[in-house]
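This structure is a prediction, so every number in the text was calculated from the model and none was measured. Any value given below was found using the heavy atoms of this structure, including those in side chains, with hydrogens, waters and symmetry copies removed.
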Amino acid sequence: MSTETSQAVAPALDTSLVRRLIAGRFPQWADLSLAPVASAGTANAMYRLGEDMVVRLPLTAGSARDVAKEHTWLPRLAPRLPVAVPAPLGQGEPTGDWPWPWSVYRWLDGHNPVPGRLEAPDRLAGDLAGFVAALRGLDPADGPAAYRGEPLAERDAVTREAVAELRGTVDGPAATAVWEEALGAPGPAGPVWIHSDLQPGNVLVTRGRLSAVIDFQCVGLGDGAVDLIAAWYLLPAGAREVFRAAVGADDAAWARGRGWALSIAVLELRYYRGRDARMAAIAEHVVQELLRDHRARHDGGTTPLRDGGR
């Protein structure tokens, strides 16, 4: 789950604390090996437990509130999706050592893709489209609201504020033009199931193909265009068109997808610069890809990507 605003954060966490939590809640697993997992995520810490499990602990109060949602909905969604998703095996409760609920999941193999260094971008584009289409096709009855389930227009003020604060880092007028195109596009016919956060840290690939989608804290009902952010967060320009065709995005949905990607990326860039260099770099990459798209569509790619501090 990406972080767009500051939230209450976790106390200090280490292997000995996690082992105490496991021993207290799941004594049958207390003697298994335990080691921290390097992760690009910023909202959860992970520890591999034995060979086939992983302990996942929320690092913010906001992430902790979504633990129950994942345990409720992942078992229902998993059989209907074309790739693996996390399988909850147990839920831990808050203790004197740890203030929030936490989870044990089945371990999923694979690695996070690196935009610009994809082994088979067109095949990944098709796989991502298949996942998005399958999720959209699920019955929306009784589904929860997605983390990004609000209308795009409700993000207008905060998006413009972020663009203004990033002056000198991105081309403000071009970013604003992308945003205004998105706001002017017709809205969706109705809410569908969306993952809401299809970023590099939330997908796994194996031999260039999508093998799993993880982190369902943002899942729920919303505008299907939200999941089109994968086009700019994960794919190069050529594969982007493969993804668009496979997912069946019309001009209105594609424009809203650009708007969602821009809004999320500028908010993340504003938040993560100075805090997390990797996340900031991803967000800036997304903004620059959106601006390349914009200038290619409007003036053949001759305008600058940065405003030079004007």
Side-chain angles (χ1 to χ4, degrees), residues 1-3 7-112 131 134-135 138 142-147 193 195-197 199 201-204 206 210-220:
M1 177 180 178
S2 63
T3 302
Q7 298 175 325
V9 295
L13 181 65
D14 57 26
T15 303
S16 63
L17 172 54
V18 178
R19 190 169 290 285
R20 290 198 305 274
L21 293 174
I22 294 168
R25 181 66 180 86
F26 303 110
Q28 70 273 28
W29 298 330
D31 294 330
L32 295 177
S33 60
L34 183 70
V37 177
S39 170
T42 59
N44 296 276
M46 297 194 298
Y47 287 75
R48 190 162 184 175
L49 178 62
E51 292 298 315
D52 58 359
M53 293 182 288
V54 63
V55 183
R56 189 163 175 259
L57 301 103
L59 295 177
T60 69
S63 295
R65 287 192 293 269
D66 293 321
V67 170
K69 181 167 79 169
E70 287 195 316
H71 281 258
T72 298
W73 286 102
L74 278 169
R76 303 185 196 183
L77 299 176
R80 297 170 174 82
L81 297 175
V83 297
V85 300
L89 301 177
Q91 181 175 325
E93 300 301 326
T95 69
D97 289 330
W98 190 254
W100 301 315
W102 49 279
S103 304
V104 179
Y105 291 98
R106 184 73 62 194
W107 175 261
L108 293 171
D109 287 320
H111 64 275
N112 298 130
F131 170 81
L135 192 57
L138 300 181
D142 301 322
Y147 171 66
W193 277 97
H195 178 275
S196 298
D197 205 22
Q199 301 199 29
N202 292 336
V203 302
L204 300 177
T206 303
L210 182 67
S211 58
V213 177
I214 58 177
D215 195 340
F216 278 70
Q217 291 180 235
C218 298
V219 75

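Closest approach of Leu108 to Ala84, counting heavy atoms only: CD2-CB, 3.8 Å. Nearest heavy-atom pair across Ala64 and Pro58 is N-CB, 3.6 Å. The minimum heavy-atom distance linking Arg19 with Leu32 is given by the pair NH1-O, 3.2 Å. Nearest heavy atoms, Val67 versus Pro101: CG2-O, 3.8 Å. Annotation for Pro88 and His71: closest pair CB-ND1, 3.5 Å, computed over non-hydrogen atoms. What you find for Asn44 and Arg56 is that their closest heavy atoms are ND2-NH2, 3.2 Å.
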Quiz item: Between Ile22 and Val104, does a side chain to side chain contact (heavy atoms under 4.5 Å, CB included) hold up when you go through it step by step?
Solution: CA-CA 9 Å; Ile22 294 168; Val104 179; 5.7 Å; no
Quiz item: Would Leu21 and Tyr47 satisfy side chain to side chain contact (heavy atoms under 4.5 Å, CB included), going step by step from the backbone distance to the final call?
Solution: CA-CA 12 Å; Leu21 293 174; Tyr47 287 75; over 6 Å; no
Practice problem: Determine, stepwise, if the pair Trp193 / Leu77 fulfils side chain to side chain contact (heavy atoms under 4.5 Å, CB included). | Solution: CA-CA 10 Å; Trp193 277 97; Leu77 299 176; 4.2 Å; yes
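Side-chain N or O atoms of Asn112 include one that pairs as donor or acceptor with a backbone N or O of Val203 at under 3.5 Å. Side-chain N or O atoms of Asn202 include one that pairs as donor or acceptor with a backbone N or O of Asp197 at under 3.5 Å. Put simply, the side chain of Arg25 gets close to the backbone of Gln91: a donor and an acceptor are under 3.5 Å apart. The main-chain N or O of Leu204 is found under 3.5 Å from a side-chain atom of Ser211 such that the two form a donor-acceptor pair.
Here the side chains of Leu81 and Val213 are not in contact, with every heavy-atom distance at 4.5 Å or above. Within the 4.5 Å cutoff, the side chain of Glu93 has no heavy atoms near those of the Trp98 side chain.
A side chain to side chain contact (heavy atoms under 4.5 Å, CB included) with Leu89 is found for exactly one of Trp29, Tyr105, Trp107, namely Trp29.
Separating the NZ atom in Lys69 from the SG atom in Cys218 is a distance of 6.5 Å, to the nearest 0.5 Å. Between the CG atom of Leu17 and the CG atom of Leu57 there is a distance of 7.5 Å, given to the nearest 0.5 Å. For the atom pair CE (Met46) and CG (Leu59), the distance works out to 10.5 Å, reported to the nearest 0.5 Å. Atom CZ of residue Arg76 and atom CG of residue Asp142 lie 8.0 Å apart, to the nearest 0.5 angstrom. Interatomic distance, CE of Met53 versus CZ of Arg48, reported as 10.5 Å (0.5 Å rounding). Separating the OG1 atom in Thr72 from the CG atom in Leu74 is a distance of 9.5 Å, to the nearest 0.5 Å.
The number of heavy-atom neighbours closer than 6.0 Å to CD of Glu51, taken from other residues, nucleotides and ligands shown, is 12 or below. Environment of CG in Asp14: crowded, with over 12 heavy atoms of neighbouring residues, nucleotides or ligands closer than 6.0 Å. Within 6.0 Å of atom CG in Asp31, 12 or fewer heavy atoms from other residues, nucleotides or ligands are found, so the atom counts as exposed in its surroundings. Counting heavy atoms of neighbouring residues, nucleotides and ligands inside a 6.0 Å radius, atom CZ of Arg20 exceeds 12 of them.
The distance between the ring centers of Phe26 and Trp102 falls below 6.0 angstrom.
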